[in-house]
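Treat the numbers as computed from the prediction; the structure is a model and nothing was measured. So you know, we letter chains A, B, ... as the sequences are listed, proteins then strands, and number each from 1.
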Amino acid sequence: GESVGLHLPTLSVQEGDNSIINCAYSNSASDYFIWYKQESGKGPQFIIDIRSNMDKRQGQRVTVLLNKTVKHLSLQIAATQPGDSAVYFCAESPNRDDKIIFGKGTRLHILP
Amino acid sequence: DVKVTQSSRYLVKRTGEKVFLECVQDMDHENMFWYRQDPGLGLRLIYFSYDVKMKEKGDIPEGYSVSREKKERFSLILESASTNQTSMYLCASSTRITEAFFGQGTRLTVV
């Protein structure tokens with residue numbers, strides 16, 4: 001069935017370094033893959049998405065990579081800042097429906 | 001800025017009570033969603049709606065119902081609250097499939 005999961009529940013990164021958050025998915029039919037950020041006490045916030053016909057997409061300080069061969073999604077954050085401390089969720093949107101299915105999340109912890 | 005407002009940040013209800021969680025969005029979005037968030041389980045979709053008076057079951061609809069009488073308002077109803085429905089409830093709206101805007105959440109405790 002559909003599932004979106006993460007390799008690591010917690011990731012600690014030195015401030016200023018690049019962060020890489022990984023995600024595995026199982027539904028090959030999904031058309032969109034998405035990353036959300038949830039800060040403490042807030043609802044999730046959209047970061048970036050990528051369509052299944054793309055391998056890479058860049059935003060402001062973030063890059064999403066999609067490897068359909070191994071069903072792997074990653075989010076790269078350049079020059080990690082204290083404000084990047086949050087839980088990051090990967091998600092997918094199956095092409096038959098307009099709903100979003102979320103993974104379990106990875107907590108990104110920034111070391112001073 | 002898009003604003004999704006959930007009526008309560010914290011609620012405490014008794015087992016067996018009928019509970020209403022209200023959500024209002026101000027951006028004329030067609031799509032609205034209710035999720036619950038539990039530690040270690042991420043966000044799980046309860047119900048969603050693409051239009052007024054329309055609803056679709058998500059992954060965990062049991063014990064819940066919804067109402068969408070107006071485009072801007074999407075209500076989640078717990079017909080008879082149980083302790084296993086203690087959770088954080090998140091409402092979201094969207095016009096694009098992937099970019100959903102979430103409210104602050106309602107932390108519901110059923111005692």
Fill in the blank from the handout: Greatest number of non-hydrogen atom pairs under 4.5 angstrom with chain A, of B:Phe102, B:Tyr35, B:Phe33, falls to B:Phe102

Practice task
Give a yes or no answer on whether the side chain of A:Asp49 reaches the backbone of B:Thr98 with a donor-acceptor pair at less than 3.5 Å.
Solution key: no

Practice task
State, without any angle test, whether B:Ser7 and B:Glu22 hold a side-chain donor-acceptor pair at a distance under 3.5 Å.
Solution key: no

Exercise for the section: Counting only heavy atoms closer than 4.5 Å, note whether A:Phe33 contacts chain B via side chain, backbone, both or neither. Expected result: neither

Practice task
Would you mind checking if B:Asp51 and B:Lys71 are paired as a salt bridge, meaning a charged N to carboxylate O distance below 4.0 Å?
Solution key: no

Handout entry: B:Arg9 versus chain A, the contacting section by heavy-atom distance below 4.5 Å
Key = side chain

Handout entry: chain A contact via B:Gln37 - side chain, backbone, both or neither, heavy atoms under 4.5 Å
Key = side chain

Problem - Residue A:Ile100 versus chain B: region with a heavy atom under 4.5 Å - result: both

Handout entry: Part of B:Arg44 within contact of chain A (heavy atom distance under 4.5 Å)
Key = neither

Exercise for the section: Return yes if a side-chain donor-acceptor contact under 3.5 Å exists between A:Ser28 and A:Lys71, otherwise no. Expected result: yes

Practice task
Kindly indicate whether a cation-pi arrangement holds for B:Arg96 with A:Phe46, taking the cut-offs as under 6.0 Å to the six-membered ring centre and within 45° of the axis.
Solution key: yes

Problem - chain A contact via B:Leu43 - which portion, at a heavy-atom distance below 4.5 Å - result: both

Practice task
Mind ranking B:Gln104, B:Arg107, B:Glu99 by heavy-atom pairs under 4.5 Å with chain A and telling me who comes out on top?
Solution key: B:Glu99

Problem - Qualifying residue for side-chain contact (heavy atoms from CB on, under 4.5 Å) with B:Ser93, from B:Gln25, B:Glu30, B:Met27 - result: B:Gln25

